[in-house]
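Structure record follows, encoded as C-alpha cells.
Everything quoted here is computed from the prediction, not taken from an experiment. Indexing begins at 1, ligand by ligand and atom by atom, following the structure's order.
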Amino acid sequence: MTAGLTHTWEVPSGDGEICSITVGRGIGNAAHLGAESRARVAVLAQPSVKPQADQIAADITASTGGSALVRVMPDGEEAKTLLIVGETYEWLNSIGFTRDDLIVGVGGGALTDVAGFVAATYLRGVDVAYLSTTLLGAVDASIGGKTGVNVNGKNLAGVFRHPGSVVIDLDILDRLPAELRRVGSAEVIKAGFISDLDIVDAYEADGLGVDLERVVPAAIDVKVRTVVADFRESGVRAILNYGHTIGHAIEVAAGISHGDAVSIGMVAAGRIAEEMMGFAGGRRQREILERIGLPIASPRVDMDRLAALLDRDKKRDSEGLRMVLLADFGQPVLKHVDRDMISLGLEAVGLSVR
Ligand SMILES: NC(=O)c1ccc[n+]([C@@H]2O[C@H](COP(=O)([O-])OP(=O)(O)OC[C@H]3O[C@@H](n4cnc5c(N)ncnc54)[C@H](O)[C@@H]3O)[C@@H](O)[C@H]2O)c1
Ligand SMILES: [Zn+2]
C-alpha cells in the first residue's frame, strides 16, 4: 500500500442510505465529515480529543459561516448513560438544533456509540458523522451501525443507525498512546485471524509496531464485508465474535480490558478448534498475540461467576453455547461447543475448572 493513499467504502445501510467510510492522513476535518455545507453543526467530543473537535468547529465557521458548537462529553463509558443522553437532548434544544443540522461525534467507540444513539433518537433521527479516534473505534465500533448506551448491563439500550460518514485519520491513530494501540490491536488481529492473512503476516513480522496504514484499512474491509453480507444472509456477522464468547465472560469476571479479554478468548477458542476441527494454527496465534503484547493466559477469576456468565450466554440459544472456531486462519465456522470443550479452552488459558 502506497503512503498517503486514501481508502473509501460506500456501505449500504440496508435502509436505502449510504455510509461512506474514509481512511487517510490529515483528513480529520470538516470537509471530509460532510460538515461544511451545514448551517449548524453540534460536535460531541471526548475530552482527550477536544483540540481536534475545536479545529473542526473552527473550519466550519471559517469556511461557510455556519455555526459549530463543541460539547465535551464525559470520558469513556461515563458518556454512555441515559442521563447524559437526556442532557445532550436538552443542550441540542437550547442551541436551536433542527432536523437539517448535523451531529459530529469525535472520539473512541464509547463516544460514537452515544453520539449515534442521540442522533438516532433526537427529533426522531438527525444526520450524524463520526471522526473515529481510537483503533478499536476505527476498525470496529464506528462501522456497522450499532449505537447504544449502558443500562445496568452493557449496551442494553440501542438502535441501528448508520452515520452518513465515518472518517479515520491515520495521523491521529499513529499518535495514540501505546496502551490504546495495544488493546485496540486485539480487534485488528481478530479481523486478520478470521478473514485476512495479510494482517496476520503484518503483525507476525512487526508486532505492535505494525504499519497501521497496512492493517487498519484491511481490518475495516473485513468488518464492512461481514456487515454487508449479513444484510442478505443473517448470521454471518457472528464471525466478528471470534474470541468474544469466553473472552467477554473473562472480561466481566476478571475486570480486564476488552482487548486483553478478546486475546485470551481467542487463545481458548484456538485450543477448542484444535480439538474439534484439527485447527493447526493455535501456536502461531499465541505467538503473534504475545508479540503484540496481548495476554495469552487469564488472571485468576471466580470460577462460579465465570460459569454463570457463560451459562447466561448459553441460554440465548436453545441448542447450547455457540462459538466461532477456526478450521484454519481465514476460515471461521460457528459451532455448538459442549461443556467439556469449554473446560478444555479455559484450561488452555490457565483456568482450571476442577
Ligand atoms: N457499536 C459497535 O458496534 C461497537 C463495537 C465495539 C465496541 N463498541 C463500544 O466501543 C467502546 C470502546 O471503544 P474505545 O476502546 O474506543 O474506548 P473509549 O471510547 O472509551 O476510548 C478510550 C479512551 O481513549 C481516549 N481517546 C480517544 N481518542 C484518543 C486519542 N486520539 N488519543 C488519546 N486518547 C484518546 C478516550 O478519551 C478514552 O479515555 C465501548 O463502549 C464498546 O461498547 C461498540
Ligand atoms: Zn470486541
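- Against a heavy-atom cut-off of under 4.0 Å, Asn155 is close to the following atoms of ligand 1: 43 (O).
- Heavy atoms of Thr112 found under 4.0 angstrom from ligand 1: none, in either backbone or side chain.
- A donor-acceptor pair under 3.5 Å links the side-chain atoms of Gln46 to the main chain of Gly108, judged by distance alone.
- Using a distance-only test at 3.5 Å, with no hydrogens or angles considered, no donor-acceptor pair links the side chain of Asn150 to the main chain of Asn152.
- Judged by distance alone, the side chains of Tyr130 and Ser165 never bring a donor and an acceptor atom under 3.5 Å apart.
- Heavy atoms of Lys154 come nearer than 4.0 angstrom to ligand 1 in at least one pair.
- Not one N or O on the side chain of Asp304 forms a donor-acceptor pair closer than 3.5 Å with the backbone of Ala307.
- Heavy-atom proximity to Glu77, at under 4.0 Å, picks out these atoms of ligand 1: 40 (C), 41 (O).
- Close contacts of ligand 1 with Gly108, meaning ligand atoms under 4.0 Å from a residue heavy atom, involve 16 (O), 19 (O).
- Ranking the protein heavy atoms by distance from atom 25 (C) of ligand 1 puts Ser48 OG, 3.3 Å first.
- Around the Zn ion (ligand 2), protein N, O or S atoms at a distance under 2.8 Å total 3; waters are neither shown nor counted.
- If you number the atoms of ligand 1 from 1 as listed, the ones under 4.0 Å from a heavy atom of Ile172 come out as 31 (N).
- For Pro47, the closest heavy-atom approach to ligand 1 does not fall below 4.0 Å.
- With a 4.0 Å heavy-atom cut-off, ligand 1 is reached by no atom of Thr147.
- Near Asp113, the atoms of ligand 1 lying under 4.0 angstrom from a non-hydrogen atom of the residue are 1 (N), 2 (C), 8 (N), 9 (C), 43 (O), 44 (C).
- For the residue pair Thr98/Asp101, the side-chain donor-acceptor check at 3.5 Å is satisfied.
- At a heavy-atom distance under 4.0 Å, atoms from both the backbone and the side chain of Thr133 approach ligand 1.
- Side chain of Thr112 to backbone of Gly109: a donor-acceptor contact under 3.5 angstrom is found.
- The Val49 neighbourhood of ligand 1 comprises atoms 28 (N), 29 (C), 30 (C), 31 (N), with distances under 4.0 Å to a heavy atom of that residue.
- The shortest side-chain heavy-atom distance between Leu135 and Glu187 does not fall under the 4.5 Å cut-off.
- Here Leu173 has no heavy atoms under 4.0 Å from ligand 1, in either its backbone or its side chain.
- The residues Asp54 and Arg71 are annotated as not salt-bridged, no charged nitrogen and carboxylate oxygen being separated by less than 4.0 angstrom.
- Salt bridge present: Asp127 and Arg38 bring a charged side-chain N and a carboxylate O closer than 4.0 Å.
- Of the candidates Val106, Leu176, Asp174, it is Leu176 that places a heavy atom closest to atom 32 (N) of ligand 1.
- For ligand 1, the polar-atom distance check finds an N/O of Asp75 within less than 3.5 Å of one of the ligand's N/O atoms.
- Residues Glu204 and Arg284 are paired through a salt bridge, judged by an N-O separation under 4.0 Å between the basic side chain and the carboxylate.
- In this structure, a donor-acceptor pair under 3.5 Å is present between the side chains of Lys80 and Asn155.
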Verdict with reasoning, Thr8 to Glu10, per side chain to side chain contact (heavy atoms under 4.5 Å, CB included): CA-CA 7 Å; Thr8 310; Glu10 298 285 328; 4.0 Å; yes
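- For His244 and His258, the ring centers sit closer than 6.0 Å to each other.
- Between Pro177 and ligand 1, a contact under 3.5 Å exists for no N or O pair.
- Listed by number with element, the atoms of ligand 1 under 4.0 Å from a non-hydrogen atom of Asp140 are 5 (C), 6 (C).
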From CA spacing to verdict: side chain to side chain contact (heavy atoms under 4.5 Å, CB included), His7, Thr22: CA-CA 6 Å; His7 303 260; Thr22 312; over 6 Å; no
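- Under 4.0 Å from ligand 1, the heavy atoms of Gln46 that appear belong solely to its side chain.
- Residue contacts with ligand 1 for Val183 are absent, since no atom lies close enough (heavy atoms, distance under 4.0 Å).
- In the vicinity of Gly76, heavy-atom distances shorter than 4.0 Å reach the ligand 1 atoms 20 (O).
- Within the 3.5 Å criterion, the main-chain N or O of Asn93 finds a donor-acceptor partner in the side chain of Tyr122.
- In Lys80, the part holding a heavy atom less than 4.0 Å from any atom of ligand 1 is the side chain.
- Not one N or O on the side chain of Arg305 forms a donor-acceptor pair closer than 3.5 Å with the backbone of Ala254.
- For ligand 1, the polar-atom distance check finds an N/O of Ala110 within less than 3.5 Å of one of the ligand's N/O atoms.
- Of the polar atoms of Thr134, at least one N or O is found under 3.5 Å from an N or O of ligand 1, judged by distance alone.
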